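Because the structure is a prediction, the values reported are computed rather than measured. What you see below is based on every heavy atom in this structure, not just the backbone, and it leaves out hydrogens, waters and symmetry mates.
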Amino acid sequence: MEPAARGEQQQPTGRPAGLGLLCSSVLLNALLLAHHFLWPSSRLLGDDGGGGSSCGLSWSLPAAREAEAVAAVDCSGHGQVFLDGVAGEDGRPGCECNACFAGPDCSLRTPNCTADADSGNPLFLEPYWRRHAAAGAVVFSGWHRMSYVIPDGRFQSVELERQIRRLHRAVGNAAVDDKHLVFAAGSIQLVNALVHALSPDNNAASPPARVVAEAPYYPAYKVQTVMFDGREYRWGGTTARWANASRANSTDGGGFIEFVTSPNNPDAVLREPALAGSPAAAAIFDRAYYWPHFTHIPAPADEDVMMFTMSKPSGHAGSRFGWALIRDDAVAARALEYVSNSIMGASRDTQLRMLGIVKAMLANLHGEDDIFAFGHDVMRTRWRRLNAVVSRSRRISVQKMAPEYCTYFNRIREPSPAYAWVKCEREEDEDCYEALLKAKIITRTGVGNEVSSRYTRISLLKSDDDFDVLMERITDLVNAENYEEDAPGSSSM
């Protein structure tokens, strides 16, 4: 067949005009789309042949691959591998097993193991962040914030301040518009930063302030105050000692600084100052647990001095990040001065990680992936399970809690406290900590909260494995009690 003459249009028989051109165009576009979407993905996953950059990524790729490889190890679901874990013979970090599990892959269950319900380690939120690994991931360069300060001479991220204010407004748990924010290395550092800020100047003639708290209180208030006991302040004991109005209003002691934990640690009660009527008393409100997964939120907290910690809303206790909301300019300046002089501000790396975490939390509020809905569901279920078992016991009891209306969820919510405040009811169980320890349950004695040894605290915050072991031991304790009552010769009626 002769080729068509120049300028002459040739159409094969039975094929519409331009169809061949259309097919070629579709094929070309398909190839371009595949090149744009698929080829870079394969490069990102390591198919680049030489480790070169793709999609604008270069130096971050090795770090991303290392983090992904570590996260991919499941340790039988009973442990984790961390980038900074101890390296084994192969040079790679191995599984770090949850309590009561062992073996290279954490698959071996320790029989009849002791339940450790002592610390407030908030690992109940770890499954949430595993499920939202991308949202919580932060990658930064080796030269990120190497300076002591950011360009304006501050120690605090302005953007992180803005996002924390957004979080409080969105949750409705704190009024922030007329407050200064002061960052610190967790709430522990804030204990002394705020006491220092509210104390008389160490050059003043007035006596040191007395730092007090209503029992049962968080033991760190006393521990930290005694550790730094000095010219400005000293530990003054429980508020009951100073409840008499004439004593609380006296000026010979330099005034009072009262810690008010609300919800309280250990019993979850929403508290008010015991020395509120005294003009010589200032209050520091510890609002660490004032979040919707631990308590109902009746209204935004609006006290002059409030402290928070990221360990409780997001679970990132290891990052050591806390903040205070302070109304008074001078008090805020003294608190910031304390943090600046002691550690030159919270870690810049921590601040960047917390910025990503807070943004991830904000993006999912009131949605299917709301961290507070997730957390409340976990803690409510744990509280229900514990109560179901303890309700069968005459030997131990826990605090009574009723459902309450929560402005965040816009409904009545069931209790979901961080801790069970346990009382041993039998006369012979005068030391409740020891009584539960014999049942292979490690708790935190009420003596540290300056109350009777008949009380002890059980943490409900730890991992699912920890809680499951706790429920096994609690169930064994209650079943043994009921078995004793039903045994022949028992005096029970």
Hydrogens and angles aside, do [X] and [Y] bring a side-chain donor and acceptor to less than 3.5 Å of each other?
| X | Y | answer |
| --- | --- | --- |
| Arg457 | Asn265 | yes |
| Ser107 | Asp105 | yes |
| Ser342 | Gln189 | yes |
| Asp286 | Tyr221 | yes |

Whether over 12 other heavy atoms sit under 6.0 Å from [X] [atom1]:
| X | atom1 | result |
| --- | --- | --- |
| Glu427 | CD | no |
| Glu425 | CD | yes |
| Glu434 | CD | yes |

Between Phe308 and Trp291, how do the two ring planes meet: parallel, tilted or perpendicular, split at 30° and 60°?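 Rings of Phe308 and Trp291: perpendicular, over 60°.
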Roughly how far, to the nearest 0.5 Å, is the [atom2] atom of [Y] from the [atom1] atom of [X]?
| X | Y | atom1 | atom2 | answer |
| --- | --- | --- | --- | --- |
| Leu436 | Asp429 | CG | CG | 8.0 Å |
| His296 | His376 | NE2 | NE2 | 11.5 Å |
| Cys113 | Arg473 | SG | CZ | 6.5 Å |
| Glu161 | Gln156 | CD | CD | 5.0 Å |

Contacts table for residues 401-410: side-chain donor-acceptor under 3.5 angstrom, sequence neighbours left out:
| unit_1 | atom_1 | unit_2 | atom_2 | d |
| --- | --- | --- | --- | --- |
| Tyr405 | OH | Asn410 | OD1 | 2.5 |
| Thr407 | OG1 | Ile297 | O | 2.7 |
| Tyr408 | OH | Asp370 | OD1 | 3.2 |
| Tyr408 | OH | Asp370 | OD2 | 2.5 |

So, [X] and [Y], do they make that salt bridge, N to O below 4.0 Å?
| X | Y | result |
| --- | --- | --- |
| Asp118 | Lys462 | no |
| Arg109 | Glu472 | yes |
| Arg162 | Glu159 | yes |

Student check: side-chain heavy atoms of [X] and [Y] closer than 4.5 Å:
| X | Y | answer |
| --- | --- | --- |
| Thr238 | Tyr217 | yes |
| Met379 | Leu461 | yes |
| Met310 | Arg353 | no |

Identified salt bridge (Lys or Arg N to Asp or Glu O under 4.0 Å) partner of Glu303 from the options Lys179, Arg287, Arg271, Arg327: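 Considering Lys179, Arg287, Arg271, Arg327, a salt bridge (Lys or Arg N to Asp or Glu O under 4.0 Å) with Glu303 is found only for Arg287.
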Among Leu198, Asn192, Val195, side chain to side chain contact (heavy atoms under 4.5 Å, CB included) partner for Val211: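 Filter result, single survivor: Val195.
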With distance as the sole test, does [X] use its side chain to make a donor-acceptor pair with the main-chain N or O of [Y] at under 3.5 Å?
| X | Y | value |
| --- | --- | --- |
| Ser393 | Arg395 | yes |
| Arg384 | Ser416 | no |
| Ser391 | Ala388 | yes |

Begin with the C-alpha distance, continue with both residues' side-chain angles, and end with the deciding distance and a verdict on salt bridge (Lys or Arg N to Asp or Glu O under 4.0 Å) for Arg382 and Asp464. CA-CA 10 Å; Arg382 291 184 177 187; Asp464 288 341; 2.7 Å; yes
Only residue of Tyr433, Tyr419, Trp421 satisfying ring pair (Phe, Tyr, Trp, His ring centres under 6.0 Å) with Tyr455 is Trp421
Sulfur to sulfur, is the gap between Cys75 and Cys106 shorter than 2.5 Å?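 No, no disulfide: SG-SG not under 2.5 Å.
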